[in-house]
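Take a look at the structure below.
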2 protein chains.
Amino acid sequence: MGHKGEALRQRIVASADQLFYRQGYENTSFSDIAEDVGISRGNFYYHFKSKDEILCAVIDTRLTGIERMLDEWTSQYTDPMQRIVKHIDILTSHQDDIISHGCPVGSLCTELAKSHHSMLQDATKMFSVQRDWLTVQLKELGLGKEAKQVAMHLLARAQGIATISNAFDDKSFLRQEVKRLKQWLDERVY
Amino acid sequence: MGHKGEALRQRIVASADQLFYRQGYENTSFSDIAEDVGISRGNFYYHFKSKDEILCAVIDTRLTGIERMLDEWTSQYTDPMQRIVKHIDILTSHQDDIISHGCPVGSLCTELAKSHHSMLQDATKMFSVQRDWLTVQLKELGLGKEAKQVAMHLLARAQGIATISNAFDDKSFLRQEVKRLKQWLDERVY
DNA sequence: GACTAATTAGGACGACTGTATTATTTTATT
DNA sequence: AATAAAATAATACAGTCGTCCTAATTAGTC
């Protein structure tokens with residue numbers, strides 16, 4: 001029984017993840033991924049029987065990555081405010097990628113929504129996980145029933161920043177808006 | 001000299017406009033457009049020699065549509081605040097389309113950025129026109145050098161609302177965020 | 001009505017796509 | 001070392017894509 005294939009499988013998912021982010025899902029072919037990994041298309045098909053299947057694997061990988069990131073922040077910081085600021089700082093820490101390719105979650109959801117792809121709901125879970133985590137932090141800060149709404153608001157703010165700074169290829173706008181968002185958070189949540 | 005072809009040309013652009021919005025640019029083929037218009041692919045190619053060419057025509061059409069809309073509001077309302085509110089209200093007046101297909105400008109820019117398409121800058125002009133118009137209104141409201149930044153901020157807010165409400169298929173979130181945005185405008189610009 | 005230009009239709013071309021099947025090589029187990 | 005399983009490669013297939021070419025039809029002009 002060869003467990004060697006598992007390593008290659010992960011390499012394939014990692015390549016697909018990057019390519020989907022940089023070129024989009026539909027615009028990335030089996031050949032693109034196979035070439036990037038350095039294997040043949042036939043071998044590729046041994047590990048993933050369809051394109052939907054690898055998209056599913058990519059979404060799962062991204063999802064667990066997001067969850068691991070959030071868990072890390074939860075254990076690393078005790079102040080909910082610090083945690084939320086850390087979340088906002090994703091925009092600046094990934095600014096170059098966002099300028100070039102937008103938000104990996106938002107752009108994928110936008111694409112899947114247009115192609116009426118059945119996996120849109122799975123992709124949206126990448127948002128839901130963040131929303132729920134932010135909601136917990138906001139409730140710890142004293143917010144009540146409106147915590148979830150504010151969490152959604154934070155997601156939307158980040159999305160807008162990513163989309164616009166990507167379209168305009170404008171890094172200074174991204175930084176300026178991040179500052180504005182933190183400022184709003186300070187005023188809104190005391 | 002037959003000027004009859006001009007009418008068909010506009011029908012083609014109108015169909016392409018809708019299809020690009022609902023399915024995305026790359027995911028819409030010549031056959032899709034031709035079938036929607038009710039003509040043959042050969043005839044189609046007579047009016048547009050390449051796919052880039054029709055994309056250019058669609059962007060131009062959308063651009064003049066946006067400019068006409070803004071001009072109308074400029075002449076229809078004297079209060080800059082009313083004008084800006086009218087702009088924000090695009091989100092609610094087009095809410096069903098936005099829920100289903102996102103923002104026509106933002107989603108196109110996102111797609112063109114991913115495919116590294118040369119026409120991304122032309123598409124971004126659909127944003128610039130709105131930004132400049134909003135800047136004028138904000139300056140009339142008394143804002144100075146920061147007017148342009150606030151205008152960009154408004155665009156980003158609208159983009160975030162469109163992207164998130166599209167991904168979540170959540171109309172109530174859209175309406176709620178529009179209300180929040182107007183509220184922010186009232187507090188920010190006295 | 002004849003003639004020319006504008007317009008439409010139809011089909012052919014090579015390239016690429018996702019999918020599928022088969023053959024070959026490598027790995028693991030006995 | 002022999003054998004079975006896993007993994008990799010190579011290729012074929014039907015479909016679609018953007019593009020291009022050619023024939024047929026329509027419309028406008030003298």
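Chain A is the first sequence line, chain B the second, and so forth, proteins listed ahead of strands; every chain is numbered from 1. For clarity, every value in this text was computed on a predicted model and none was experimentally measured. These numbers come from the heavy atoms of this one structure, side chains and all, not from hydrogens, waters or symmetry mates.
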Mind telling me whether Phe44(B) and Phe30(B) have parallel, tilted or perpendicular rings, with 30° and 60° as the class edges? perpendicular
Choose from dT8(D), dT11(D), dT19(D) the nucleotide whose nearest atom is closest to any side-chain atom of Arg41(A). dT11(D)
I'd like to know if the side chain of Tyr25(A) and the backbone of Lys51(A) have a donor-acceptor N/O pair within less than 3.5 Å. yes
In whole Å, what is the span from the CG atom of Asp32(A) to the C1' atom of dA15(C)? 14 Å
For dT16(D), does either OP1 or OP2 sit under 4.0 Å from a side-chain N or O belonging to Ser29(B)? no
Arg11(B) CZ - dT7(C) P separation (whole Å): 14 Å
What is the distance from CD of Glu6(A) to P of dA5(D), rounded to the nearest Å? 21 Å
For DNA chain C, what residues of residues 45-59 of chain B have any heavy atom nearer than 4.0 Å? Tyr46(B), His47(B)
Is Lys148(B) salt-bridged to Asp132(B), cutoff N-O under 4.0 Å? no
What I want to find out is whether Glu177(A) reaches Arg180(A) closely enough, with some N-O distance under 4.0 Å, to be called a salt bridge. yes
Could you check how far CD1 of Ile12(B) sits from P of dA9(C), rounded to whole Å? 10 Å
Between C1' on dT26(C) and CD1 on Ile39(A), what's the gap in Å once rounded to a whole number? 15 Å
dA10(D) P sits how many Å from Phe44(A) CZ, rounded? 17 Å
Atom CD1 of Ile33(A) and atom P of dG18(C) are separated, to the nearest Å, by 8 Å
Is there a side-chain contact between Gln130(A) and Leu155(A) (heavy atoms, below 4.5 Å)? yes
Atom pair distance, as rounded to whole Å: CG in Asn27(A) and P in dC16(C): 13 Å
Does dA7(D) have its OP1 or OP2 closer than 4.0 Å to a side-chain nitrogen or oxygen of Asn43(A)? no
Non-hydrogen side-chain atoms of Gln82(A) and Gln76(A) separated by less than 4.5 Å: no
Polar side-chain atom of Arg62(A) near backbone of Ala123(A) as donor-acceptor pair, under 3.5 Å: no
